[in-house]
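Position 1 is the first residue of the sequence; numbering continues from there. Below, all heavy atoms of this structure are taken into account, side chains as well, without hydrogens, waters or symmetry copies.
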Amino acid sequence: MKEWKVYNSNEWTIDDITSGNYAAFLYLMVFETGEFYIGMKHIYVKVRDAKKIKDTSKESNWKSYTSSSNSVKNMIENGVGYEKYLLWCFPTSNQTALVEAILIGLFGTRHDCVNKAVLCKSRLPKDNGGTFKIVQQLIQELQ
């Protein structure tokens, strides 16, 4: 099983994922071919908001997860080496999906991006620019 790494160790540790403060996270897979994939993963089964995490909430398969993308799965099955990185943890899956869509929209047309679509229906958070600041930081780090 390929272990998760932290893309920016100043922001996150792997232990943060299950701290109870987050419902989902954004991740980056980087392949030995130079290609990359941006995705999101829910941390708990059927929990979309960290406020709804209970003692009985069951963790998803996030530790061993790679992707739902058939392209990514085929690359891995064909032996293409990769690393998987935690980019950011979010309290809601809505916010995670929004930031994922923004980053795929921005980087998705590059020749080295494996993402083939942006699939997102999400409410825009009224968080005084908090999500915008996260997007700005991630764009800077990923360029």
Using every non-hydrogen atom in the two residues, find where [X] and [Y] come nearest and quote the distance to one decimal.
{"X": "A23", "Y": "A50", "result": "CB-N, 3.7 Å"}
{"X": "E32", "Y": "G79", "result": "OE2-O, 4.0 Å"}
{"X": "C113", "Y": "G108", "result": "SG-CA, 3.7 Å"}
{"X": "S93", "Y": "A24", "result": "CA-CB, 4.2 Å"}

Taking only residues two or more places apart in sequence or in another chain, which ones pass side-chain hydrogen bond (donor to acceptor under 3.5 Å, both in side chains) with E100? none

Partners meeting side-chain hydrogen bond (donor to acceptor under 3.5 Å, both in side chains) with D49 (sequence neighbours left out): none

Is the shortest heavy-atom distance from the side chain of [X] to the side chain of [Y] under 4.5 Å?
{"X": "L138", "Y": "L26", "result": "yes"}
{"X": "S69", "Y": "N115", "result": "no"}
{"X": "E3", "Y": "I14", "result": "no"}

Look at the side chain of [X] and the backbone N and O of [Y], then say whether any donor-acceptor pair between them is shorter than 3.5 Å.
{"X": "Y27", "Y": "T66", "answer": "yes"}
{"X": "Y7", "Y": "E141", "answer": "yes"}
{"X": "W4", "Y": "W62", "answer": "yes"}
{"X": "S60", "Y": "I43", "answer": "yes"}

Inter-residue atom distance [X].[atom1] - [Y].[atom2], 0.5 Å rounding:
{"X": "S19", "Y": "I53", "atom1": "OG", "atom2": "CD1", "result": "7.5 Å"}
{"X": "T56", "Y": "Y44", "atom1": "OG1", "atom2": "OH", "result": "11.5 Å"}
{"X": "Y65", "Y": "F25", "atom1": "OH", "atom2": "CZ", "result": "9.0 Å"}
{"X": "L103", "Y": "I38", "atom1": "CG", "atom2": "CD1", "result": "5.0 Å"}
{"X": "S57", "Y": "K46", "atom1": "OG", "atom2": "NZ", "result": "11.5 Å"}
{"X": "Q140", "Y": "N8", "atom1": "CD", "atom2": "CG", "result": "11.0 Å"}

Under the side chain to side chain donor-acceptor pair (under 3.5 Å) definition, can you give me all pairs with a residue in residues 79-90, not counting sequence neighbours? K5-E83

List the atom pairs, with distances to 0.1 Å, where a side-chain N or O of residues 124-131 and a protein N or O form a donor-acceptor pair under 3.5 Å, not counting sequence neighbours.
unit_1	atom_1	unit_2	atom_2	d
D127	OD1	G129	N	3.4
D127	OD1	G130	N	3.3
D127	OD2	T131	N	2.9
D127	OD2	T131	OG1	2.5
T131	OG1	Q95	NE2	2.8

Does a sphere of radius 6.0 Å around NZ in K133 hold more than 12 heavy atoms from other residues, nucleotides or ligands, not counting ones at 6.0 Å or beyond? no

ring-ring contact (aromatic ring centres under 6.0 Å, His included) pairs, two or more places apart, involving residues 108-143: none

Apply side-chain contact (heavy atoms from CB on, under 4.5 Å) to the pair V80 and E35, showing each step before the final yes or no. CA-CA 10 Å; V80 178; E35 295 168 297; 5.9 Å; no

Would D112 and F107 count as a side-chain contact (heavy atoms from CB on, under 4.5 Å) here? Give the steps. CA-CA 9 Å; D112 52 352; F107 294 111; over 6 Å; no

Set out, in order, the CA-CA distance, both residues' side-chain angles and the distance that settles side-chain contact (heavy atoms from CB on, under 4.5 Å) for K2 and I76, then state yes or no. CA-CA 11 Å; K2 187 70 81 162; I76 293 169; over 6 Å; no

Will you find, in the side chains of T92 and N94, an N or O donor that is under 3.5 Å from an N or O acceptor? no

What's the verdict on side-chain contact (heavy atoms from CB on, under 4.5 Å) for N21 and D16, showing C-alpha distance, side-chain angles and the deciding distance? CA-CA 8 Å; N21 297 317; D16 289 326; over 6 Å; no

So which of V99, L28, I134, T96 actually passes side-chain contact (heavy atoms from CB on, under 4.5 Å) with L87? L28

Excluding sequence neighbours, so at least two apart, what forms salt bridge (charged side-chain N to carboxylate O under 4.0 Å, His left out) with K73? none

